[in-house]
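Heads up, the thing below is written out as structure tokens.
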Amino acid sequence: MVQIITDSSSDLPKELLDRYNITVVPLTVRIDEKEYLEGVNLDPEQFYEKMFASDQLPKTSQPSPSVFAGVFEELKDKGELLCLTISSGLSGTYQSACMAKDLTEANVEVFDTLGGSLAHGILILKAAALAEQGLERAAILKKLHEWREDMKILILLDTLENVVKGGRLSKFQGSIAKVLNIKVILEGIKGEIEVIEKIRGQKKFLKRSVEMIGERRSDFSDTIFGITHTGNVEDAEYMKREIQSLYNPKEVIIHYMGATMGTYAGKNGMIVSFI
């Protein structure tokens with residue numbers, strides 16, 4: 001059976017990782033001069049507690065090629081390996097895994113999901129389900145390319161505070177947005193992120209986010225949704241109820257957003273992904 005490997009930025013709940021026996025390679029997270037391994041000695045709740053208490057943004061770094069190579073070596077006798085990574089446009093993890101491929105004799109292919117958080121995670125779940133059915137890696141990769149083209153990602157920013165801290169927006173622009181209660185909706189498109197709407201007020205913001213989903217697809221009967229959040233469980237549950245009521249999808253998964261995306265999403269941020 002094809003062995004599925006990924007990095008910790010996929011934001012999949014542990015029970016799903018265990019269910020499909022998915023191997024996770026952790027990213028490194030640096031907060032206030034201390035380093036942690038995501039999902040090993042730093043869980044999402046701890047991450048947000050530390051991030052919100054700090055004046056500086058956390059920094060994440062991809063696993064080294066040698067770390068990936070070590071994992072590939074450990075699994076090489078179990079058959080074909082397939083490593084799915086966070087978008088190469090968001091992290092150097094894909095490049096690191098590709099370099100690792102040349103450091104080992106393991107039979108491994110590396111796939112760039114062009115997504116982050118549960119957009120990345122849903123592709124992993126779909127690949128793992130096919131592997132469980134006994135499909136060969138080439139057939140799984142063919143389906144992954146099709147699904148990646150159909151992937152939709154909406155990034156819902158309640159505050160621009162972390163975007164300002166990260167130097168991607170001036171303090172003046174950030175303060176104006178705060179005073180006017182402006183929320184921002186971005187869309188992930190083939191590994192790139194674009195601002196698509198700015199909305200005043202929380203209720204309008206959430207309502208418009210739900211409407212946008214319906215503008216991107218008409219049939220959701222076979223669609224898996226992933227909603228990740230930075231601690232605002234109530235907002236995530238609201239989105240789930242609205243999505244289930246209006247679109248009747250196959251499944252909706254809710255989980256914490258990891259450090260890679262959560263660093264810039266900030267307080268009350270959410271990412272809604274569907275494939």
Side-chain angles (χ1 to χ4, degrees), residues 1-29 36-50 60 63 67-68 71 74-75 78-79 81-87 93 111 113 115-135 140 143-144 147 151-153 220-244 247-262 265 269-275:
M1 189 175 89
V2 175
Q3 302 296 307
I4 304 297
I5 304 160
T6 190
D7 59 83
S8 59
S9 68
S10 65
D11 296 346
L12 285 167
K14 186 177 185 302
E15 59 267 24
L16 289 176
L17 294 170
D18 292 344
R19 160 71 178 81
Y20 288 103
N21 196 29
I22 297 164
T23 301
V24 179
V25 182
L27 275 72
T28 300
V29 184
Y36 306 88
L37 290 177
E38 185 174 35
V40 177
N41 59 356
L42 183 72
D43 62 32
E45 293 94 333
Q46 292 169 331
F47 168 71
Y48 287 112
E49 181 182 347
K50 293 177 185 298
T60 59
V67 170
F68 269 116
V71 173
E74 287 179 12
L75 297 174
K78 295 186 177 182
L81 310 183
L82 178 56
C83 179
L84 293 87
T85 73
I86 184 175
S87 171
T93 301
F111 181 78
T113 66
S117 198
L118 277 176
H120 171 195
I122 294 169
L123 285 177
I124 294 166
L125 289 182
K126 284 176 167 284
L130 293 183
E132 192 176 64
Q133 293 170 25
L135 268 71
I140 296 173
K143 292 297 295 183
L144 282 170
W147 290 325
M151 179 172 63
K152 309 296 181 189
I153 306 169
F220 293 88
S221 58
D222 197 40
T223 301
I224 299 175
F225 278 84
I227 303 172
T228 47
H229 59 85
T230 63
N232 47 321
V233 178
E234 189 174 327
D235 289 339
E237 291 289 351
Y238 167 83
M239 292 294 293
K240 178 178 180 178
R241 290 193 302 271
E242 291 296 298
I243 288 168
Q244 288 176 323
Y247 306 124
N248 194 28
K250 180 179 180 180
E251 186 177 1
V252 180
I253 302 167
I254 294 181
H255 195 48
Y256 274 92
M257 199 183 304
T260 303
M261 302 300 291
M270 285 190 289
I271 298 177
V272 180
S273 312
F274 51 105
I275 305 171

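All residue numbers refer to positions in the sequence shown, counting from 1. Note that this is a predicted model, so its numbers are computed, not measured.
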Distance col, row Ile243:CD1 vs Tyr238:OH, nearest 0.5 angstrom, shows 10.0 Å
Work out which heavy atom in Met239 is nearest to a heavy atom in Met270; give both atom names and the distance.
CG-CE, 3.8 Å
Okay, side chain of Glu237, backbone of Glu234: is any donor-acceptor separation there less than 3.5 Å?
no
Exam field: side chain Glu251 to backbone Pro249, donor-acceptor pair closer than 3.5 Å:
no
Any donor and acceptor pair, going by atom type alone, linking the side chain of Thr230 with main-chain N or O of Gly269 inside 3.5 Å?
yes
Below 4.5 Å, heavy atoms only, C-beta onward: do Val71 and Ile5 meet side chain to side chain?
yes
What are the two closest non-hydrogen atoms of Leu118 and Gly226, and how far apart are they?
CD1-CA, 3.6 Å
Who pairs with Phe111 by ring pair (Phe, Tyr, Trp, His ring centres under 6.0 Å), at least two apart in sequence or on another chain?
His145
Taking all heavy atoms of Tyr256 and all of Pro44, pick out the closest pair and write down the distance.
CB-CB, 3.4 Å
Would Lys78 and Leu75 satisfy side-chain contact (heavy atoms from CB on, under 4.5 Å), going step by step from the backbone distance to the final call?
CA-CA 6 Å; Lys78 295 186 177 182; Leu75 297 174; 4.0 Å; yes
Please round to the nearest 0.5 Å and tell me the distance separating atom OG of Ser8 and atom CG of Leu37.
8.5 Å
So do the side chains of Gln3 and Asn21 get within less than 4.5 Å of each other, counting heavy atoms only?
yes
Residues in side-chain hydrogen bond (donor to acceptor under 3.5 Å, both in side chains) contact with Asn232, at least two apart in sequence or another chain:
Asp235
Taken to the nearest 0.5 Å, the spacing of Ile253 CD1 from Lys240 NZ works out to 9.5 Å
Side-chain contact, heavy-atom cut-off 4.5 Å: Glu38 with Thr28?
no
Check for a donor-acceptor pair, side chain of Thr113 on one end and backbone N or O of Gly115 on the other, with a separation under 3.5 Å.
yes
Between atom CG of Asn248 and atom OG of Ser221, what is the distance when rounded to the nearest 0.5 Å?
8.0 Å
Ile275 side, atom CD1; Lys152 side, atom NZ - distance, nearest 0.5 Å
10.5 Å
Go through Ile86 and Thr260 one step at a time and tell me if the side-chain contact (heavy atoms from CB on, under 4.5 Å) criterion holds.
CA-CA 9 Å; Ile86 184 175; Thr260 303; 3.5 Å; yes
Are any side-chain N or O atoms of Asp43 and backbone N or O atoms of Gly39, one a donor and one an acceptor, separated by less than 3.5 Å?
no
Look at the aromatic rings of Phe274 and Phe225 and report parallel, tilted or perpendicular, splitting at 30° and 60°.
parallel
Do the non-hydrogen side-chain atoms of Leu125 and Ile224 ever get within less than 4.5 Å of each other?
no
Would you say that more than 12 heavy atoms from the other residues, nucleotides or ligands in this model lie under 6.0 Å from the CD of Glu49, or not?
no
For the student: nearest non-hydrogen atoms of Ser273 and Ala119, plus distance
OG-N, 3.3 Å
Straight-line distance of Met151 CE to Leu144 CG, nearest 0.5 Å
10.5 Å
For Asp222, check side-chain hydrogen bond (donor to acceptor under 3.5 Å, both in side chains) against everything at least two apart and list the hits.
none
Ignoring hydrogens, what is the shortest heavy-atom contact between Gln46 and Asn41? Give both atom names and the distance.
OE1-O, 3.9 Å
Please tell me whether His120 and Ser87 have a donor and an acceptor in their side chains that are separated by less than 3.5 angstrom.
no
Ion pair check, Arg19 and Glu132, cut-off under 4.0 Å:
yes
Does the side chain of Thr93 pick up a donor-acceptor pair with the side chain of Thr85 at under 3.5 Å?
no
side-chain contact (heavy atoms from CB on, under 4.5 Å) assessment of Phe220 paired with Lys250:
CA-CA 7 Å; Phe220 293 88; Lys250 180 179 180 180; over 6 Å; no
Taking the side chain as C-beta and beyond, is there a heavy-atom pair between Thr6 and Thr23 under 4.5 Å?
no
Using modelled atom types and a 3.5 Å cut-off, is there a donor and acceptor pairing between side-chain atoms of Tyr48 and backbone atoms of Met257?
yes
Heavy-atom donor-acceptor pair, Asp11 side chain to Gly258 backbone, under 3.5 Å:
yes
Run the side-chain contact (heavy atoms from CB on, under 4.5 Å) check on Ile227 and His255 step by step: do they pass?
CA-CA 7 Å; Ile227 303 172; His255 195 48; over 6 Å; no
Closest approach of Ile22 and Ala128, non-hydrogen atoms and distance?
CD1-CB, 4.2 Å
By the definition side chain to side chain contact (heavy atoms under 4.5 Å, CB included), identify the one residue from Leu130, Val2, Ile124 that meets it with Leu82.
Val2
